[in-house]
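Comments concern the structure below.
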Amino acid sequence: MQLTKLLPWFAGAAVIVAADRVTKLLMLEAFAPGERLQLTGFFNLVLVFNKGAAFSFLAGASGWQTPVFATISSVASVVITVLIVRHSGNRLLCAALALMLGGALGNLWDRLEWGHVVDFLDFHAAGWHWPAFNVADSAITIGAGLLILESFVRRDAGG
């Protein structure tokens with residue numbers, strides 16, 4: 001396996017981790033928990049801590065969820081890494097996986113350091129707020145969308 005085929009994917013994941021980390025540290029420095037800053041009629045910055053998974057699933061559990069979600073993120077990161085190594089020539093697949101790897105590692109870092117994930121992006125409309133999220137969550141979501149797209153592209157190409 002040529003390192004030059006792998007480098008872009010792991011570098012991309014590292015950029016996601018770095019962007020996620022920097023934005024979270026800036027938010028922790030500038031905001032108190034629960035503090036909200038309205039930027040537009042549909043977007044706020046708000047500092048919240050999520051001990052659960054996506055959409056705060058199991059956030060109210062007694063604490064057992066943190067090591068479980070950390071373990072899931074760790075295993076997912078290993079599986080994604082193996083998939084990137086095995087399919088390094090498939091650009092769309094590896095772009096999707098790199099985004100997901102960076103996001104998983106960004107949120108894993110939070111869980112290991114703080115026991116929760118730092119969320120701060122708050123979109124809303126007509127009084128309804130999407131659950132707050134972060135750069136890592138965004139990368140995972142975009143990566144998942146690209147993974148779905150890749151499955152259709154591959155199927156259309158006869159693969």
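These values consider heavy atoms only, across backbone and side chains, with no hydrogens, waters or symmetry-generated copies. This one's a predicted model, so the numbers in the text were calculated from it and none came from an experiment.
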*Evaluate side-chain contact (heavy atoms from CB on, under 4.5 Å) for D119 paired with M27, printing each intermediate quantity in order.*
CA-CA 9 Å; D119 289 328; M27 286 299 299; over 6 Å; no
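- The environment of CZ in R36 is crowded: more than 12 heavy-atom neighbours from other residues, nucleotides or ligands sit within 6.0 Å.
- How far CZ of F69 is from CZ of R111: 6.0 Å, rounded to the nearest 0.5 Å.
- Connection of L6 to V79 is established within a shared hydrophobic cluster, with ILVMFWY side chains joined at heavy-atom distances below 4.5 Å, either directly or through further cluster members.
- Cluster annotation: V82 and I80 are assigned to distinct hydrophobic clusters (Ile/Leu/Val/Met/Phe/Trp/Tyr, side-chain heavy-atom contacts under 4.5 Å, transitive).
- Side-chain N or O atoms of Q38 include one that pairs as donor or acceptor with a backbone N or O of T40 at under 3.5 Å.
- Here the OG1 atom belonging to T66 is positioned 9.5 Å from the NE2 atom belonging to H116, to the nearest 0.5 angstrom.
- Within the 4.5 Å cutoff, the side chain of R21 has heavy atoms near those of the E113 side chain.
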Kindly list each side-chain donor-acceptor pair under 3.5 angstrom involving residues 95-107, sequence neighbours excluded, with atom names and distances?
{"unit_1": "N107", "atom_1": "OD1", "unit_2": "K24", "atom_2": "NZ", "d": "3.0"}
{"unit_1": "N107", "atom_1": "OD1", "unit_2": "N134", "atom_2": "ND2", "d": "3.2"}
{"unit_1": "N107", "atom_1": "ND2", "unit_2": "D137", "atom_2": "OD1", "d": "2.8"}

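- Linking Ile, Leu, Val, Met, Phe, Trp and Tyr residues whenever their side-chain heavy atoms come within less than 4.5 Å leaves V78 and I140 in two separate clusters.
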_Under the criterion side-chain contact (heavy atoms from CB on, under 4.5 Å), I'd like the reasoning laid out for F49 against L28: C-alpha separation, chi angles, the key distance, then a yes or no._
CA-CA 10 Å; F49 303 134; L28 288 168; 3.6 Å; yes
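- One hydrophobic cluster holds both F10 and V17 under the rule that ILVMFWY side chains link at heavy-atom gaps under 4.5 Å.
- One distance of note links CG of L83 with CG of N90; it measures 11.0 Å at 0.5 Å rounding.
- Rounding to the nearest 0.5 Å gives a distance of 9.0 Å between OG of S138 and CD1 of I16.
- Counting heavy atoms from C-beta outward, W9 and R91 have side chains that approach closer than 4.5 Å.
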_Evaluate L47 against E35 for side-chain contact (heavy atoms from CB on, under 4.5 Å), listing each step before the verdict._
CA-CA 6 Å; L47 180 60; E35 184 178 351; 5.6 Å; no
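- Taking CG of N50 as the start and CZ of F120 as the end, the distance is 13.5 Å to the nearest 0.5 Å.
- Residues H129 and D122 have side chains that bring a donor and an acceptor to within less than 3.5 angstrom of each other.
- The stretch residues 69-81 participates, sequence neighbours left out, in no salt bridge (Lys or Arg N to Asp or Glu O under 4.0 Å) pair at all.
- The shortest heavy-atom contact between G34 and V46 is O-CG2, 3.9 Å.
- V75 and L108 fall within the same hydrophobic cluster, where Ile, Leu, Val, Met, Phe, Trp and Tyr residues are linked whenever their side-chain heavy atoms come under 4.5 Å apart, directly or through other members.
- Residues W130 and L121 fail the side-chain proximity criterion, which asks for heavy atoms closer than 4.5 Å.
- Classified by interplanar angle (parallel below 30°, tilted 30° to 60°, perpendicular above 60°), the ring pair F133/F123 is parallel.
- Residue pairs meeting the side-chain hydrogen bond (donor to acceptor under 3.5 Å, both in side chains) criterion with at least one member in residues 68-85, sequence neighbours excluded, do not occur.
- Put simply, CG on L7 and OG on S88 are 11.5 Å apart, with the number rounded to the nearest 0.5 Å.
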